[in-house]
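See below for the structure under consideration.
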Amino acid sequence: STSFCKTDGHSGSPQAGFVLLVERKDAKQQKLDFEKNHLAELIAHADAAIDTVPDPKMRRVLKLYYLENLSTKEVAEKMVASMKPSGIIFTGGNSLVKYGGDAPERDETERYLLQQALEQKIPVYGFCRGMQSILNFYDCELQEVTGHVAVKHIIDGTWGKREVNSFHNQACLSVKDPVEVLAKTEDGVIEAIRIKGKKIIATMWHPERETEFPKTDMDLVRSLFGRR
């Protein structure tokens, strides 16, 4: 069944200033919970516009909401309407069904949420599968690639040359308007994009897998969810 979870352990309506985090449906089994997920810590370090919860057991934890075992688009519709998120994050995980994945409900939900983000001007950050979901929304094709799983490599682009992690075997080599390429690897794989005129940015690397967050990643998060 679908459930709505939040880190502060209290019931009731959420306060303003939180990000809706879309995880893979087996996230709990993979222990990608709030205690172990460095994504929450990354957002906190970036001083994002999200209320923090002082909890000694979980240190600096965010009021970060996510969709667990999301089964229908209708659930997402209710959440967006009632909670009015100040940002949405599409995380890594399952491949898109179009490319062999097994979670059509996630594909449908992310497509709906991205459409809502565009209509309501909600900032979006997607990484790995999250970037692929955004690319798919704009009809940018993916293809199988090698040498991009559990490695680090150099990318070049908007942020200059830098080393990032890589955990994907599908990638995009060309985009369509309004998608703009921000960074590529030496073998031509697109590693970062943005949507022209929108607060939507995506990367193929996992910022939450780094224990020390590069300033570039914190600046990226701040540009989307930073305090006004």
Side-chain angles (χ1 to χ4, degrees), residues 4-8 13-23 27 32-55 58-67 76 79-93 109-110 112-134 137 158-159 162 164 178-180 182-183 191-228:
F4 305 153
C5 300
K6 57 185 179 179
T7 58
D8 61 0
S13 300
Q15 297 179 0
F18 72 92
V19 167
L20 189 62
L21 176 66
V22 185
E23 285 278 17
L32 294 177
D33 59 18
F34 292 117
E35 275 188 284
K36 300 176 179 65
N37 192 346
H38 291 296
L39 180 58
E41 190 177 350
L42 168 65
I43 298 174
H45 281 313
D47 193 32
I50 305 170
D51 292 328
T52 59
V53 180
D55 185 334
M58 300 180 72
R59 293 183 293 179
R60 185 178 167 92
V61 181
L62 302 173
K63 281 188 176 178
L64 194 65
Y65 293 72
Y66 70 103
L67 310 182
M79 289 190 75
V80 171
S82 63
M83 294 183 173
K84 303 187 186 317
S86 56
I88 297 173
I89 296 177
F90 296 149
T91 66
T109 299
E110 289 183 347
Y112 168 78
L113 288 173
L114 187 53
Q115 184 61 54
Q116 288 300 301
L118 290 167
E119 292 177 6
Q120 299 183 36
K121 298 181 179 179
I122 302 171
V124 175
Y125 174 48
F127 62 84
C128 202
R129 178 237 154 79
M131 174 167 151
Q132 294 174 342
S133 186
I134 294 170
F137 183 89
T158 299
W159 304 286
R162 59 171 296 201
V164 299
V179 181
E180 180 181 354
L182 297 180
E191 288 283 322
I193 60 169
R194 75 177 182 93
I195 307 305
K196 296 175 183 177
K198 310 294 180 183
K199 292 193 74 171
I200 299 176
I201 299 177
T203 65
M204 285 306 296
W205 63 88
H206 287 252
E208 87 290 2
R209 292 199 180 198
E210 301 295 338
T211 54
E212 293 187 11
F213 306 120
K215 182 178 182 298
T216 302
D217 287 341
M218 289 193 288
D219 287 346
L220 186 156
V221 172
R222 190 178 295 114
S223 73
L224 292 170
F225 309 124
R227 299 183 188 276
R228 301 299 189 273

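Bear in mind that the values here come from a model prediction, so they are computed numbers and not experimental data. Numbers for residues simply follow the sequence, beginning at 1.
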Say you draw a straight line from CD of Glu210 to CD of Glu208; how long is it, rounded to the nearest 0.5 Å? 9.0 Å
Point-to-point distance, once rounded to the nearest 0.5 Å, from CH2 of Trp159 to OG1 of Thr203: 7.0 Å
Can you tell which of Thr216, Asp217, Val221 makes a side-chain contact (heavy atoms from CB on, under 4.5 Å) with Pro207? Asp217
Residues that Lys215 engages under side-chain contact (heavy atoms from CB on, under 4.5 Å), provided they are two or more places apart: Asp219
Tell me the closest heavy-atom pair linking Glu110 and Phe90, and the distance in Å. O-CZ, 3.5 Å
For Gly93 and Arg129, the nearest pair of non-hydrogen atoms, with its separation, is N-CB, 3.8 Å
Gap separating the CD atom of Glu119 from the CG atom of Leu114, nearest 0.5 angstrom: 10.0 Å
Stepwise side chain to side chain contact (heavy atoms under 4.5 Å, CB included) check, Ile195 with Val179: CA-CA 5 Å; Ile195 307 305; Val179 181; 3.8 Å; yes
State the CD-CE distance between Glu191 and Met204, to the nearest 0.5 angstrom. 6.5 Å
Quick one: are Gln115 and Phe137 in side-chain contact, heavy atoms under 4.5 Å? yes
In Å and rounded to the nearest 0.5 Å, what is the CG to CD1 distance from Leu224 to Ile88? 11.5 Å
Atom of Ala117, atom of Val124 and distance for their closest heavy-atom approach: CB-CG2, 3.4 Å
Compare every heavy atom of Gly92 with every heavy atom of Cys128, then report the nearest pair and how far apart it is. CB-CA, 4.2 Å
Test log, rule side chain to side chain contact (heavy atoms under 4.5 Å, CB included), inputs Arg162 and Trp205: CA-CA 12 Å; Arg162 59 171 296 201; Trp205 63 88; 3.6 Å; yes
Between Lys199 and Phe225, is there a donor-acceptor pair closer than 3.5 Å when you use the side chain of the first and the backbone of the second? no
Within the supplied structure, the quantity of interest is the number of heavy atoms (other residues, nucleotides, ligands) at a distance under 6.0 Å from Lys196 NZ; does it exceed 12? yes
Which heavy atom of Ser86 sits nearest a heavy atom of Pro123, and at what distance? O-CD, 3.3 Å
Rounded to the nearest 0.5 Å, what's the gap from CD1 on Ile200 to CG on Leu118? Could you check? 4.5 Å
